[in-house]
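The structure appears below as structure tokens.
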Amino acid sequence: MRDTTDTTDTDTALLSVRGITKRYGAHIGCADVSFDLFPGEVMGIVGESGSGKTTLLNCVAGHMAPDAGEVIFDTRDGGPRDTVTMSEPERRMLGRTDWAFVHQHARDGLRMGVSAGGNVGERLMAVGARHYGDIRDRATDWLTRVEIESARIDDRSSTFSGGMQQRLQIARNLVTGPRLVFMDEPTGGLDVSVQARLLDLLRGLVRDMGLSAVIVTHDLAVVRLLADRLMVMKDGRVVEDGLTDQVLDDPQHRYTQLLVSSVLQA
Amino acid sequence: MTDRDYNFAYLDEQTKKMIRRAILKGLAIPGYQVPFASREMPMPYGWGTGGVQVSAAVLTPDDTLKVIDQGADDTTNAVSIRGFFERTAGVATTTHTKDATVIQTRHRIPEAALAEGQVLVYQVPIPEPLRFLEPRETETRKMHALEEYGLMHVKLYEDIARHGHIATAYAYPVKVEGRYVMDPSPIPKFDNPKLSDCPAIQLFGAGREQRIYALPPYTRVESLDFADHPFEASKADHPCGLCGATDSYLDEVITDDAGARMFVCSDTDHCEDRQPRGHRGKDAA
Ligand SMILES: Nc1ncnc2c1ncn2[C@@H]1O[C@H](COP(=O)(O)OP(=O)(O)O)[C@@H](O)[C@H]1O
Ligand SMILES: [Mg+2]
Ligand SMILES: [Zn+2]
């Protein structure tokens with residue numbers, strides 16, 4: 001990967017989402033969503049199942065074409081560019097260099113028949129790494145950072161537990177030092193104790209690497225721990241947004257109040 | 001003797017034109033897989049129907065045809081394809097590489113250097129080199145279009161991780177003119193260097209998969225590898241038991257009921273050409 005000096009001034013948003021709308025036929029996936037993400041910030045998107053979080057994330061990350069709206073990313077070489085209208089090769093290039101995507105289901109984000117080392121090394125090889133020893137060293141380093149024993153580097157990812165697969169997915173995504181990470185329910189479907197460990201790990205990485213991220217979750221504990229700011233979605237629309245602590249401690253919208261109280265009761 | 005019930009070389013002219021267009025497109029974009037409408041042939045898939053259709057489209061009455069299977073002219077598959085074109089096209093046939101103008105092959109490149117004016121036609125079972133890790137055709141097509149070839153190295157990485165070296169010995173992936181990654185068909189990797197800078201035209205036909213691809217003469221073809229695990233065109237470390245050749249690809253054959261073995265040239269024409277010229281191996285009668 002190129003080693004360019006980061007010239008982003010702090011006033012420029014890393015990501016500016018404007019009016020993103022996606023319909024499934026007559027049904028609304030998400031409607032008119034806008035937000036800014038600044039470098040080093042973590043944005044949380046919460047809402048109950050079916051509120052449009054995944055649809056929004058997929059539109060923003062370029063996995064799905066929105067019906068309307070812009071996703072402006074501050075690219076390394078060309079400054080702010082609308083990634084919705086950029087060419088597919090450019091968008092896919094972003095997807096394997098400056099952007100990363102952690103899927104809810106590890107099977108969507110890992111190659112199950114490939115070893116842990118091969119999974120972590122893939123993005124390096126995709127951007128031209130051609131030295132086996134170097135690739136392996138970096139994979140080993142990343143396995144350690146996500147608390148996977150380096151002795152398991154040659155085991156197929158299908159042999160790992162759910163929590164380990166999620167951690168492996170994170171390593172595979174972060175190895176190339178992306179500038180923006182998208183995560184869809186990264187702790188979803190895991191046991192509570194496993195979730196806690198993964199959250200701890202994510203919090204450490206976010207802090208140490210100064211990651212910019214958009215995290216979708218229905219779990220308020222996740223955003224409480226990781227997100228600087230929060231958007232609350234209902235029926236495809238954003239009903240409330242603000243600093244995480246403010247929104248959670250003093251929710252304004254009735255739906256948010258409901259969401260927060262149901263968690264407190266749980 | 002030509003069987004008059006057939007058009008020259010079995011296929012009708014319309015079909016041959018369609019195949020020739022695919023071949024020309026393939027030659028214009030070396031290494032790119034061109035879809036074509038594969039026809040039913042009077043032989044089962046797996047018997048080289050792709051290669052046969054390509055040969056049928058390029059053969060002219062003046063051609064001399066050679067057919068080899070794993071280097072040998074006398075195996076069932078080679079004999080039946082040669083017989084097929086003797087019957088349907090009435091072309092001359094030969095076993096001598098240097099006398100042939102069209103050579104259809106399965107799993108080998110002849111040892112004798114090919115020359116300008118010759119056409120080598122490969123039978124291809126699976127044309128898509130990315131398939132084993134990415135089964136979705138829509139996705140592999142995109143990967144070729146956008147030159148996203150990281151996955152090929154993942155496969156080689158896995159090889160080294162598992163075996164300590166790149167264990168892929170056949171169908172070893174190559175990059176063509178620095179652009180398309182291509183499956184050279186299941187030739188041994190020993191043959192890979194012969195793909196590059198070859199004076200002959202090389203055509204690849206996959207019948208069941210309906211793909212044709214091509215290398216025009218003198219195309220640069222590189223075998224994929226890692227800086228610290230460079231490609232090696234290896235072979236069994238023996239001389240040929242019959243002709244003593246030390247630079248040809250060898251088959252190991254069992255010679256008696258006691259399990260005695262010897263290594264012999266897989267290219268039978270090459271071996272038989274050398275022996276009368278005084279080259280003798282240790283097992284020669
Ligand atoms: N592929 C699809 N086809 C039709 N409707 C869909 C599709 N994906 C999601 N939806 C609908 O869009 C809405 C938002 O879904 P989704 O983005 O998955 O929400 P969330 O991630 O918040 O659970 C839901 O009503 C869902 O049923
Ligand atoms: Mg979802
Ligand atoms: Zn020999």
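Order of the sequence lines fixes the chain letters, A, B, ..., with proteins taken first and strands second; residue numbering starts at 1 for each chain.
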Answer yes or no: does atom CZ of A:Arg152 have more than 12 heavy-atom neighbours from other residues, nucleotides or ligands under 6.0 Å? yes

In terms of heavy-atom contacts, A:Asp154 and B:Ala161 come closest through OD1-CB, 3.5 Å

Side chain / backbone / both / neither for B:Leu224 at chain A, heavy atoms under 4.5 Å: neither

Side chain B:Glu158, main chain A:Ser115, donor-acceptor under 3.5 Å: yes

At a 4.5 Å cut-off on heavy atoms, which part of B:His153 comes close to chain A: side chain, backbone, both, or neither? both

Can you measure from CZ (A:Arg136) to CD1 (B:Ile160) and round to the nearest 0.5 angstrom? 9.5 Å

In short, B:Asp225 meets A:Arg130 closest at the heavy-atom pair O-CD, 4.1 Å

Closest contact, heavy atoms only, B:Phe226 versus A:His131: CD2-N, 4.0 Å

Around atom OH of B:Tyr218, are there more than 12 heavy atoms from other residues, nucleotides or ligands closer than 6.0 Å? yes

Non-hydrogen side-chain atoms of A:Met125 and B:Met152 separated by less than 4.5 Å: no

Of the non-hydrogen atoms in B:Leu146 and A:Pro89, which two are nearest, and what is the gap between them? CD2-CG, 3.1 Å

Heavy-atom pairs under 4.5 Å with chain A: which of B:His229, B:Arg162, B:Lys142 has the most? B:Lys142

Please round to the nearest 0.5 Å and tell me the distance separating atom CD of B:Glu148 and atom CZ of A:Arg96. 4.0 Å

